[in-house]
2 protein chains.
Amino acid sequence: MTEAIDKIGVMNIPQLRRSFKEQMHQAREEAIVTAASRLMGKKGFEAMTVEDVACAVGIAKASLYKHFAGKDELCAAAMVQVVDRTGRFLRELPASLPPLERLRALLRWLLELQLTDEMPLMLSRNSGLAGPLKACEAYQAALRDLHGLVIGWIEQAQQAGQINPALPSDVVMCAIFARAADPMLRLLRDRGTYSDAQIVDWAVDSCLSGLAARA
Amino acid sequence: MTEAIDKIGVMNIPQLRRSFKEQMHQAREEAIVTAASRLMGKKGFEAMTVEDVACAVGIAKASLYKHFAGKDELCAAAMVQVVDRTGRFLRELPASLPPLERLRALLRWLLELQLTDEMPLMLSRNSGLAGPLKACEAYQAALRDLHGLVIGWIEQAQQAGQINPALPSDVVMCAIFARAADPMLRLLRDRGTYSDAQIVDWAVDSCLSGLAARA
DNA sequence: GTCTATACAGAGATAGAC
DNA sequence: GTCTATCTCTGTATAGAC
């Protein structure tokens, strides 16, 4: 009996422990990326420091470098995460939702990401992360994936006469994705007169109306 | 005779030389601000260094500090300059131009500033200059001035049934000014498929259509 | 893998001679 | 007012003990 247990132990525990360690490792990495994402959303890529992230997670700066080669890689991982989350959100939309409503849902998602100070999907102009991100294959692939999805909906909405068919579909796509870093939200919020919900409504509405088919 | 000349000399030359010096001083400051403006447009506030600016002007970094107390003040001056230039442009529009066309001209101006890599009128999200700029009275005053002008045109266009009267005029204003830092331009330009002129046309058009009165 | 301590680099700002 | 040389601080990244 004890032999049997020992055997199980010998056979399995090392594997279990290894798996456990890996889970811990991955959990820690996720915590780091999430913290980086939040800080980047609040302060921007340049202003956020690696130390900030380490503090937020509760580890030492040097430990962080065991997980990520540097600030660029860490932030690129954060960008990949937000693109992936967006992709998941889009794929979970009810199958019954018509293309135009999918686009509206995407717009709202992008704007809310920005307003809640999370990592916006789009880098703002002149971000120092733009270069490293161009070289990050994981990011580029995730983005291409999103683009394919969205372009499809746009073309359907154009065929349905809801989106201006005179606009190339990639122009429409850029117009929508650009809202993720639209300064309008901050401008309006800083006025202090309107609620966040109201601001998002206006932004969604004016964007889609601008792309709608004309009479 | 020599006495007379001397007298003129004594009386006027000091004044002339002083005026000359002041002109030089002002010209140098303008050159500095202009260089800062360009560099800030290209690289952004954080990435641009004071040394960059000094090099571009052809002076030493320390000399620059005789003109401006620091980087913040220098960049604030650059922002004031671009706001002032925009104000001049708007006031020079032909008196016959109807309000909606004035707004269109403003939009085009803002977008072209951005595309030509000059200092955009709007800071992009999370710029480190945002704080200092809030404290800069000259900037705030210049901006208020612009706002008053533009709000007036918007209300006229609303009364003429061209701009959606359901939108508060300051919301329309924010929507327009935000285009100055709209990431859409960069996104489209990076695709490499369209000309700058085409891009600006689409951006102007989709923005104004989004704000137009609905059927 | 985590920590403390430190090296290294870049950029803002200043000192002091001319 | 301009210059060269320097200070100082901050932030990325690494060394080395445990």
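Letters A, B, ... are given to chains in the order of the sequence lines, protein chains preceding strands, and every chain is numbered from 1.
Donor-acceptor pairing under 3.5 Å, judged by distance alone, is present between the side chain of Lys61(B) and the base of dG12(C).
Rounded to an integer number of Å, the gap from Phe68(A) CZ to dG11(D) P is 21 Å. We find that CD1 of Ile59(B) is positioned 10 Å from C1' of dG1(D), with the value rounded to whole Å. In this structure, the OH atom of Tyr65(A) is 18 Å from the P atom of dT6(C), given to the nearest Å. Between Asp52(B) atom CG and dA11(C) atom C1' there is a gap of 10 Å when expressed in whole angstrom units. For the pair Glu73(B) CD and dG12(C) C1', the interatomic distance rounds to 12 Å; values are reported in whole Å. In this structure, Asp72(B) atom CG and dA11(C) atom C1' are separated by 13 Å, rounded to whole Å. At whole-Å resolution of the value, NZ in Lys71(B) and C1' in dA11(C) are 8 Å apart. To the nearest angstrom, C1' of dG11(D) lies 15 Å from CG of Leu39(A).
The shortest side-chain heavy-atom distance between Lys71(B) and Met48(B) falls under the 4.5 Å cut-off.
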Inset, instruction - Would you check, one step at a time, whether the test side-chain hydrogen bond (donor to acceptor under 3.5 Å, both in side chains) holds for Tyr194(B) with Asp170(A)? - result: CA-CA 11 Å; Tyr194(B) 310 108; Asp170(A) 66 337; 2.6 Å; yes

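At least one cation-pi condition fails for Lys134(B) and Tyr139(B): the charged atom is not both under 6.0 angstrom from the six-membered ring centre and inside a 45 degree cone around its axis.
Nucleic acid contact for Met24(A): none, since no nucleic acid atom lies under 4.0 Å from a heavy atom of the residue. Using a 4.0 Å heavy-atom cutoff across all strands shown, Ser63(B) reaches at least one base atom of the nucleic acid.
Each of Ala69(B) and His67(A) was matched to the nucleotide of DNA chain C holding its nearest heavy atom; the match closer to the 5' end belongs to His67(A). Of the two residues near DNA chain D, Leu64(B) and Lys66(A), the one whose nearest nucleotide lies more 5' is Leu64(B).
Residue His25(B) places its side chain closer to dG1(D) than to any other of dG1(D), dC3(C), dG12(C). Comparing dG11(D), dT14(C), dA15(D) by their closest approach to the side chain of Thr49(A) singles out dG11(D). For Arg28(A), the listed nucleotide lying nearest its side chain is dT2(C); candidates were dT14(C), dT2(C), dT2(D).
A donor-acceptor contact shorter than 3.5 Å links the side chain of Asp52(A) to the backbone of Thr49(A). Not one N or O on the side chain of Ser63(A) forms a donor-acceptor pair closer than 3.5 Å with the backbone of Ile59(A).
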